[in-house]
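Down below is the structure, laid out as structure tokens.
Residue indices begin at 1 and follow the sequence shown.
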Amino acid sequence: MKVCAFTGHRFLTDDFDRELLKRVTENLAKNGVKKFLCGMAVGFDMESAKAVLEIKEKYGLALVACLPCAGQSANFSEKNKKLYSEILSRCDETVVLEPCYVAGCMYKRDRYLVENSDVLVCFLRRNSGGTYYTVNYARKMNKKIIEL
């Protein structure tokens with residue numbers, strides 16, 4: 001089974017293209033990817049989960065929420081907490097990497113995404129932060145990377 005993971009910024013820039021994300025996700029599904037891993041952060045992660053959910057039934061896909069820790073959404077806005085809960089309720093599986101927030105749990109989640117996938121779809125616009133770390137880790141692990 002081919003597995004895809006997503007990584008991207010929490011704050012999406014004006015050049016973020018939801019339609020491109022949807023097309024890439026559907027192309028991956030058409031080409032044999034059956035499982036999608038999502039880190040469930042605000043921004044690109046949740047947009048990616050929504051893209052998978054739109055085509056989930058059509059292609060028989062599985063969406064896995066990969067949470068850095070229990071209570072991940074505690075500091076989200078009310079709007080994002082609602083979206084987070086809606087997405088989480090439609091996931092086929094939930095992986096919780098730490099029982100509560102600890103230093104480094106976000107990076108642990110990022111490594112989990114890379115180590116458990118064949119391809120990484122990313123939205124990277126800055127050379128710092130978690131997305132940058134994750135993409136570089138994927139490069140070191142010789143993973144296929146699709147940059148949007």
Side-chain angles (χ1 to χ4, degrees), residues 1-69 71-97 105-148:
M1 175 190 305
K2 290 186 182 177
V3 180
C4 172
F6 298 101
T7 189
H9 303 300
R10 285 176 174 79
F11 300 102
L12 300 173
T13 53
D14 290 340
D15 65 333
F16 172 68
D17 185 341
R18 282 176 182 79
E19 292 306 313
L20 175 60
L21 173 60
K22 289 177 189 177
R23 284 193 308 274
V24 167
T25 302
E26 188 158 18
N27 281 335
L28 287 165
K30 286 178 181 176
N31 287 289
V33 173
K34 293 294 180 192
K35 184 184 277 189
F36 290 84
L37 309 180
C38 177
M40 294 297 291
V42 169
F44 186 76
D45 284 7
M46 288 206 272
E47 288 295 330
S48 300
K50 286 169 32 181
V52 172
L53 290 172
E54 285 181 24
I55 61 169
K56 185 177 186 283
E57 299 306 319
K58 180 178 180 180
Y59 294 98
L61 306 177
L63 180 61
V64 180
C66 302
L67 312 183
C69 59
Q72 176 185 16
S73 66
N75 294 319
F76 290 6
S77 69
E78 287 307 312
K79 178 182 174 186
N80 285 327
K81 281 182 184 179
K82 183 178 182 217
L83 178 59
Y84 180 91
S85 292
E86 288 172 8
I87 292 170
L88 204 55
S89 73
R90 295 184 61 199
C91 287
D92 298 281
E93 182 183 344
T94 301
V95 175
V96 182
L97 296 169
C105 69
M106 301 296 178
Y107 291 115
K108 183 175 183 177
R109 183 261 328 267
D110 297 340
R111 289 188 301 274
Y112 181 91
L113 291 169
V114 170
E115 291 166 1
N116 291 281
S117 65
D118 303 301
V119 60
L120 181 72
V121 174
C122 70
F123 182 74
L124 177 65
R125 297 296 184 270
R126 291 188 313 275
N127 293 332
S128 63
T131 301
Y132 182 69
Y133 170 86
T134 306
V135 171
N136 282 330
Y137 187 64
R139 286 185 181 126
K140 287 178 191 171
M141 300 289 289
N142 294 312
K143 300 289 181 166
K144 179 179 179 178
I145 300 169
I146 299 172
E147 295 189 44
L148 303 184

>> Strictly below 4.0 Å, N to O, side chains only: are Glu115 and Arg109 in salt-bridge contact?
In response: no

Check Asp92 with Lys56, please: is the shortest side-chain N to carboxylate O separation under 4.0 Å? yes

If you count every heavy atom of other residues, nucleotides or ligands that lies below 6.0 Å from Asp15 atom CG, does the total exceed 12? yes

**OP:** Give me the ring orientation class for Phe6 and Phe44: parallel if the planes are under 30° apart, tilted from 30 to 60°, perpendicular past 60°.
**Re:** perpendicular

Kindly say whether Arg125 contributes a backbone atom to a donor-acceptor pair with the side chain of His9 at under 3.5 angstrom? yes

Side chain proximity check, Tyr84 to Glu86, heavy atoms < 4.5 angstrom
no

### Stepwise salt bridge (charged side-chain N to carboxylate O under 4.0 Å, His left out) test for Arg139 and Glu147
CA-CA 12 Å; Arg139 286 185 181 126; Glu147 295 189 44; 3.2 Å; yes

Would you find a donor on one side and an acceptor on the other, under 3.5 Å apart, between the side chain of Ser117 and the backbone of Cys4?
no

The reported gap from CG in Leu28 to CZ in Phe36 (rounded to nearest 0.5 angstrom) is 5.5 Å

For Lys2 and Asn31 the tightest heavy-atom approach is NZ-O, 3.5 Å

- [ ] Give the intermediate values and the outcome of side-chain contact (heavy atoms from CB on, under 4.5 Å) for residues Leu148 and Val24.
- [x] CA-CA 9 Å; Leu148 303 184; Val24 167; 3.7 Å; yes

Can you find a heavy atom in the side chain of Lys143 that is under 4.5 Å from one in the side chain of Val114?
yes

Assess whether atom NZ of Lys81 is packed by more than 12 heavy atoms of other residues, nucleotides or ligands within 6.0 Å.
yes

Does the ring of Phe16 carry Arg18 above it, NZ/CZ under 6.0 angstrom from centre and within 45° of its axis? no

Flag the pair Val121 / Ser48 as yes when at least one side-chain heavy-atom distance between them is below 4.5 Å, and no otherwise. no

Requested in this report: Verify side-chain contact (heavy atoms from CB on, under 4.5 Å) between Thr25 and Ile55, making sure each step is shown before the conclusion.
Outcome: CA-CA 9 Å; Thr25 302; Ile55 61 169; 3.9 Å; yes

Closest heavy-atom pair, Gly39 versus Gln72, reported as atoms and distance to 0.1 Å, is O-NE2, 3.1 Å

*Show your working on side-chain contact (heavy atoms from CB on, under 4.5 Å) between Thr134 and Tyr107 and close with a plain yes or no.*
CA-CA 8 Å; Thr134 306; Tyr107 291 115; over 6 Å; no

Considering only heavy atoms from C-beta outward, does the side chain of Thr7 approach that of Leu120 to under 4.5 Å? yes

Interatomic distance, CG@Leu63 vs CD@Glu93, rounded to 0.5 Å, equals 10.0 Å

Verify, without hydrogens or angle tests, whether Lys34 (side chain) and Tyr59 (backbone) share a donor-acceptor contact under 3.5 angstrom.
yes

Using the rule given for salt bridge (charged side-chain N to carboxylate O under 4.0 Å, His left out), can you reason through Lys22 versus Glu19, listing the C-alpha separation, both sets of side-chain angles and the distance that settles it, and then say yes or no?
CA-CA 5 Å; Lys22 289 177 189 177; Glu19 292 306 313; 3.3 Å; yes

*Do side-chain atoms of Asn80 reach the backbone of Phe76 as a donor and acceptor pair under 3.5 angstrom?*
no

Distance col, row Leu88:CG vs Ser73:OG, nearest 0.5 angstrom, shows 8.0 Å

Determine whether a donor-acceptor pair (N or O, by modelled atom type, separation under 3.5 Å) exists between the side chain of Lys35 and the backbone of Leu61.
no

SG (Cys69) and CG (Leu97) are apart, to the nearest 0.5 Å, by 9.0 Å

When rounded to the nearest 0.5 Å, the distance separating OG1 of Thr94 from CG of Leu67 is 6.0 Å

Q. Under a 4.0 Å N-O cut-off, is there an ion pair linking Glu47 with Lys50?
A. yes

Taking every heavy atom of Ile87 against every heavy atom of Ala49, the minimum-distance pair comes out as CG2-CB, 3.6 Å

### pair Ile145-Cys122: side-chain heavy atoms closer than 4.5 Å
yes

- Item | Heavy-atom check, side chain of Val3 versus side chain of Asn116, under 4.5 Å | no

One should read off an interatomic distance between Asp110 CG and Tyr137 OH, to the nearest 0.5 angstrom, of 10.5 Å

Nearest heavy-atom approach of Gly8 to Asp45 is N-OD1, 4.0 Å

